[in-house]
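Step one of this worksheet: look at the structure below.
Letters go in sequence order (proteins before strands), and every chain restarts at 1.
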Amino acid sequence: MISQIIISFFQIIIILALSPLLSGIIKKIKAFFQIRKGASIFQPYYDIAKLLRKDSVVSENVSWIFHAAPVISFAAVLTAGLIVPVFISNMPFSFAGDLIAVVYLFALARFFTALASLDAGSSFGGMGGSREMFIASMVEPALMLSIFAVALNVGSTNLSQISQTVSAMGLSAVSPYHLLAFVAFLIIAIAETGRIPVDNPATHLELTMIHEAMILEYSGKQLAIVELGAMVKQLLVFSLLANIFFPWGIADSVGFGSIAIALIVFLIKIIVLGAIIAIIETSTAKWRLFRLPDLLSVSLMLSFLSLVSFIIVKGG
Amino acid sequence: MEEVIFGSNIMQLFIALILVSTFMILGSTRLYSCVRAFGIQSFLLACVATVVGISTGKIDLYIVALLTLIIKAAVIPYIFIYIIREIKVKREIDLYVGISPSLIIGGILVVISYYLIRSISVITELSSFALSASMSLVSIGLFIMISRKKAIMQMLGILIMENGLFLGAISLTNGMPLLVELGIFFDVLIGVLIMGILIFRINKTFETIDTDMLKNLIG
């Protein structure tokens with residue numbers, strides 16, 4: 001019992017500690033491909049530390065939602081962090097929720113960010129909020145379907161159980177439906193983390209920004225929380241990707257050695273995924289907003305194909 | 001024997017990738033990426049033929065795979081690119097049905113072909129994946145032919161249908177007699193050449209290869 005609580009605490013600390021590092025690493029890899037030197041991989045830590053020392057400037061016209069939204073979003077994302085397997089597959093809190101809970105915790109965070117963006121009454125905020133909801137309406141079904149394809153194979157929607165079973169199956173888990181669902185999820189991961197071709201995290205250009213437009217009114221400590229929440233969400237989406245589709249190397253029991261190995265393996269997986277994202281970000285241009293349904297329907301179709309081929313192969 | 005081959009993981013993988021490449025053609029709006037996806041699809045077909053060849057030990061199938069690789073994955077895409085370059089056609093394709101609806105219709109076609117194939121009682125459960133994939137290739141090829149305006153895309157659609165038939169033939173018979181295969185390859189190549197010449201003629205007469213414009217009277 002005690003050890004499980006310690007594991008949960010440890011996981012939250014790991015998530016909080018690693019998520020700025022992941023952002024830093026992706027930025028560094030991007031800089032490498034653009035033949036720039038780039039900022040240090042620890043820059044996101046410095047940014048957040050600096051923001052935490054500053055005061056917030058808040059508009060007089062905002063309601064309580066504006067103050068509550070960063071905290072609620074951050075809490076929702078961290079709660080999802082208790083359910084998503086990161087370095088150990090049998091999560092102590094896995095009884096509390098499955099993949100549907102994770103999807104809706106992300107949706108809760110997104111809902112409050114969008115509400116807060118409307119609250120300040122700036123035109124950019126409303127624009128960002130409406131775009132975010134537009135994308136979310138297509139991302140959510142695709143996200144569900146793609147994990148369902150794997151969940152059907154395992155016979156459970158519990159993330160810990162999916163991770164355990166796939167990791168126990170070894171390489172024989174690699175099947176057409178598995179790969180199709182993986183590619184579908186990769187497209188969704190790009191949309192969820194707000195990366196090119198869906199959104200550009202490095203710009204504040206009025207016409208194109210989505211996530212940046214929503215948090216335009218925030219400053220100081222609140223901005224630090226919002227930024228950290230976005231980074232944590234990015235890490236969680238990546239660890240979903242890593243630990244559902246190729247969970248090999250994850251610790252399946254509590255033990256010092258296995259957890260140490262699992263942490264190193266997890267770090268390698270995350271860096272590889274970050275490199276893939278960085279390559280996609282450098283090699284593609286941002287898409288027009290109204291072409292995004294095409295991209296996301298490709299993802300939806302791939303997860304649909306994955307489900308259909310699962311049924312065909314297993315003879316449903 | 002058949003069950004062993006088509007149940008094997010690698011085979012399923014190739015067939016799933018063939019389906020994905022078909023959806024790449026459905027989902028892209030650029031002529032070049034459509035042609036590239038067709039090349040990938042043919043290459044994967046050659047891989048399928050090789051895998052069947054290895055597991056049945058038929059030498060014929062290696063020749064068929066090699067011919068697929070040369071004719072369908074290299075020569076025909078080259079002819080396409082040559083046509084696109086020569087008649088300086090606009091690189092984007094015009095559609096009657098948008099990208100997202102096309103993808104959804106494609107998905108529905110896959111499901112329909114699966115149910116059609118399943119109702120044939122002779123087919124074993126395992127080879128039904130290959131057969132329903134081939135059936136969906138045929139129907140998606142037909143759909144591409146009727147939903148795209150450019151004559152080049154109609155040519156591509158018929159080639160996708162042909163690829164589907166090829167996949168179906170391999171999965172049903174474990175390789176047809178070499179003579180038949182050679183005849184088919186020759187037919188396809190000549191067909192592509194004739195269609196290419198036809199596209200040049202359409203372009204010369206109407207100054208467009210948009211089949212929507214063929215209704216206009218030329219005085």
Side-chain angles (χ1 to χ4, degrees), chain A residues 134-135 137-139 141-142 145-146 148-150 153 166 169-188 191 197 245 283-285 287-316, chain B residues 3 6-30 33 37 44 48 92 95 97-118 123-136 140 171:
Chain A
F134 168 64
I135 292 174
S137 69
M138 289 171 299
V139 165
L145 264 188
S146 69
F148 273 154
V150 184
N153 192 14
V166 176
M169 279 203 280
L171 274 178
S172 70
V174 180
S175 51
Y177 37 92
H178 201 80
L179 281 181
L180 289 176
F182 171 72
V183 178
F185 198 96
L186 192 66
I187 296 175
I188 296 157
F245 293 98
S283 58
T284 55
W287 283 25
R288 245 178 340 125
L289 188 68
F290 292 112
R291 275 190 70 202
L292 287 181
D294 293 348
L295 180 73
L296 294 169
S297 64
V298 166
S299 162
L300 193 66
M301 227 46 250
L302 281 177
S303 20
F304 181 71
L305 266 188
S306 150
L307 279 176
V308 168
S309 62
F310 172 80
I311 293 167
I312 297 175
V313 169
K314 297 278 159 142
Chain B
E3 289 174 28
F6 294 102
S8 65
N9 250 341
I10 184 131
M11 196 71 186
Q12 285 174 11
L13 205 63
F14 282 136
I15 292 168
L17 287 176
I18 287 175
L19 272 181
V20 172
S21 66
T22 317
F23 275 84
M24 274 161 69
I25 299 174
L26 262 185
S28 75
T29 52
R30 311 242 155 203
S33 46
L44 289 165
V48 169
E92 291 212 329
L95 324 131
V97 185
I99 291 292
S100 303
S102 307
L103 284 167
I104 292 165
I105 290 173
I108 294 170
L109 286 174
V110 172
V111 175
I112 291 175
S113 18
Y114 168 58
Y115 274 101
L116 281 179
I117 291 299
R118 207 171 66 152
I123 310 301
T124 57
E125 284 290 347
L126 287 167
S127 69
S128 71
F129 187 40
L131 263 183
S132 48
S134 92
M135 182 84 186
S136 19
I140 290 174
S171 59

- May I ask you to name which of B/G107, B/G27, B/S102, B/A16 has the most heavy-atom pairs under 4.5 Å with chain A?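 Answer, by heavy-atom pair count under 4.5 Å with chain A: B/G107.
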Could you tell me which non-hydrogen atom of [X] sits nearest to which non-hydrogen atom of [Y], and how far apart they are?
X      : Y      : result
A/M301 : B/L103 : SD-O, 3.3 Å
A/L302 : B/V20  : CD2-CG2, 4.0 Å
A/S297 : B/S100 : OG-OG, 3.4 Å

- Rounded to the nearest 0.5 angstrom, the CG-CG distance for A/L180 and B/L19 is 8.0 Å
- Test item: A/F304 and B/V111 side chains (from C-beta on) under 4.5 Å apart, heavy atoms: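 Counting from C-beta outward, A/F304 and B/V111 do come under 4.5 Å.
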- Message: With chain B as the partner, which of A/L295, A/L305, A/V308 has the greatest number of non-hydrogen pairs under 4.5 Å?
- Response: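 Of the options given, most contacts go to A/L305.
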